[in-house]
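A quick write-up on the structure given underneath.
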Amino acid sequence: MVGIGSAVPGQRVSNSEIETFLDTSDEWIQSRTGIRERRVAEPELTLLELAARAARAALTAAGVDPAAVDTVICSSSSPDATFPSLACRLQAELGCPHGPAFDVQAACSGALYGMVLAQSMIQSGLSRTVLVVAAEIFSRLLDWSDRSTAVLFGDGAGAFLVGGHDQKGAEIVAIDLGADGGGAWALDTVRYRPSEEAPSTPLPEYASSARALDRVVHMDGREVFRFSTKILEQIVVRLAGAAGIEPNEIALIVPHQANSRILATAAGRLGVPFERFACNVERLGNTSSASIPLALAEADRLGRCHDGELVCLVAFGGGLTWCGVLLRWQPTAVGIDDPGDLDTNLGIAGREQLPSQDHKEVSA
Ligand code: UT7
């Protein structure tokens with residue numbers, strides 16, 4: 001993996017703002033999920049634009065021309081169209097050559113499914129440089145009157161650039177990939193049935209506009225919680241076993257950012273200190289398939305990825321699907337496009353775009 005990119009909308013929506021139109025509280029949301037705020041796409045922002053921003057962040061940071069990308073793989077659980085694929089539209093938007101372009105559907109595991117496919121295509125000689133982009137605008141897939149799901153998700157996009165011409169980056173050591181379709185019912189989408197009653201308080205634009213495909217998220221939260229904690233633990237144990245190490249020898253675990261209670265529970269079961277888990281769900285919420293590249297880009301910028309150490313990416317989500325990738329870290333170019341970056345100062349907003357060789361020097 002030679003490059004990582006991430007992009008988020010500038011609009012920040014706090015729990016307190018959601019409290020004004022939904023029967024919930026900042027206290028409930030923070031104590032059950034760890035989420036304090038999330039990013040929500042402005043009305044004019046399209047999924048394609050968000051995907052392109054993450055892709056360009058990765059390409060620019062790695063110094064790779066879009067013309068060198070011979071395969072584009074995209075993931076989105078919140079698509080704005082059934083076809084043409086986001087990948088085909090992104091290929092045209094970026095000006096990549098006419099190699100294969102297609103979407104994978106593996107819900108929150110999509111970015112890692114894409115990374116595994118990219119590695120297979122490179123190893124088989126089909127491709128040389130693969131761009132994997134996960135982009136989500138979940139705010140358009142939520143029923144904002146359903147408090148059991150509306151408070152959980154956020155919008156964002158992340159990209160992995162895999163392969164390249166003699167470039168160096170993090171190396172894939174082991175993979176754990178799977179699905180259990182028997183659990184599909186636990187996290188899916190259902191037809192959107194907007195309330196016929198007029199809202200008692202005015203709704204913000206993101207909550208009042210039509211849903212993208214007339215469908216909304218539906219979830220059995222407790223079942224998803226059970227599955228997530230169990231599979232996260234199992235993946236880390238299996239990947240550690242494949243590498244001949246104990247789980248606590250992994251330097252950094254970058255899990256799907258579902259919610260911090262899931263991550264803390266899994267950390268406890270594994271006997272790995274929670275500090276070894278990368279967690280930004282507090283600021284971004286659950287961004288589905290975009291969450292791992294977003295969290296990994298941030299972890300590297302914070303100086304948490306060290307050369308030669310093992311970094312474990314763990315995804316799980318609707319399907320039910322899962323994917324773990326164990327990486328041996330090597331210097332990897334990172335680009336972060338965050339126009340709403342007021343707290344962490346990790347993104348490129350308000351500054352000149354960082355040249356790739358400077359990316360290690362940015363402090364938190
Ligand atoms: O990518 C994977 C995405 N999925 C997840 O990460 C979800 C995994 N599941 C969870 O994290 C938890 O199940 C939730 C955070 C979704 C819910 O927590 P819980 O402890 O399982 O709550 P619950 O669904 O059992 O509901 C407990 C109470 C209920 O009220 P009553 O019946 O006890 O009076 C709910 O109506 O909490 C109520 N509730 C809320 N209250 C305030 C549910 N949502 C909310 C809310 N605000 N947003």
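Indexing begins at 1, ligand by ligand and atom by atom, following the structure's order. Model, not experiment: these values are computed from the prediction.
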Those residues that, when tested against Asp65, pass side-chain contact (heavy atoms from CB on, under 4.5 Å) (two or more places apart)
Ala67

Which residue and atom name correspond to the protein heavy atom nearest atom 28 (C) of ligand 1, and how close is it?
Trp28 NE1, 4.4 Å

Inspect the contact between Asp70 and Arg128 and indicate whether a charged nitrogen and a carboxylate oxygen are less than 4.0 angstrom apart.
no

Please work out which of the three classes, parallel, tilted or perpendicular, describes the rings of Phe316 and His256, given edges at 30° and 60°.
perpendicular

Distance-only N or O hit between ligand 1 and Asn259, under 3.5 Å:
yes

Where is the nearest protein heavy atom to atom 12 (C) of ligand 1: which residue, which atom, and how far?
Arg261 NH2, 3.9 Å

Closer than 4.0 Å: a protein non-hydrogen atom to atom 42 (C) of ligand 1
yes

Specify the protein heavy atom at minimum distance from atom 4 (N) of ligand 1: its residue, its atom name, and the distance to 0.1 Å.
Met219 SD, 3.2 Å

Closest protein heavy atom to atom 48 (N) of ligand 1, given as residue, atom name and distance to 0.1 Å
Arg147 O, 2.9 Å

Hey, is atom 14 (C) of ligand 1 under 4.0 Å from any protein heavy atom?
no

Is the shortest N/O to N/O distance between Leu187 and ligand 1 below 3.5 Å?
no

Would you confirm whether any non-hydrogen atom of the protein falls under 4.0 Å from atom 31 (P) of ligand 1?
no

For atom 3 (C) of ligand 1, what's the nearest protein heavy atom and its distance?
Asn286 ND2, 3.3 Å

Taking the non-hydrogen atoms of Val224, is any one of them nearer than 4.0 angstrom to ligand 1?
yes

Nearest-neighbour protein heavy atom for atom 27 (C) of ligand 1, which is reported as residue plus atom name and distance
Arg32 NH1, 3.8 Å

Residue, atom and distance of the protein heavy atom nearest atom 8 (C) of ligand 1 read Gly221 O, 3.5 Å

Residues Glu136 and Ser78: side-chain donor-acceptor under 3.5 angstrom
yes

Any protein heavy atom under 4.0 Å from atom 19 (P) of ligand 1?
yes

Less than 4.0 Å is my threshold; does some heavy atom of Cys108 fall inside it relative to ligand 1?
yes

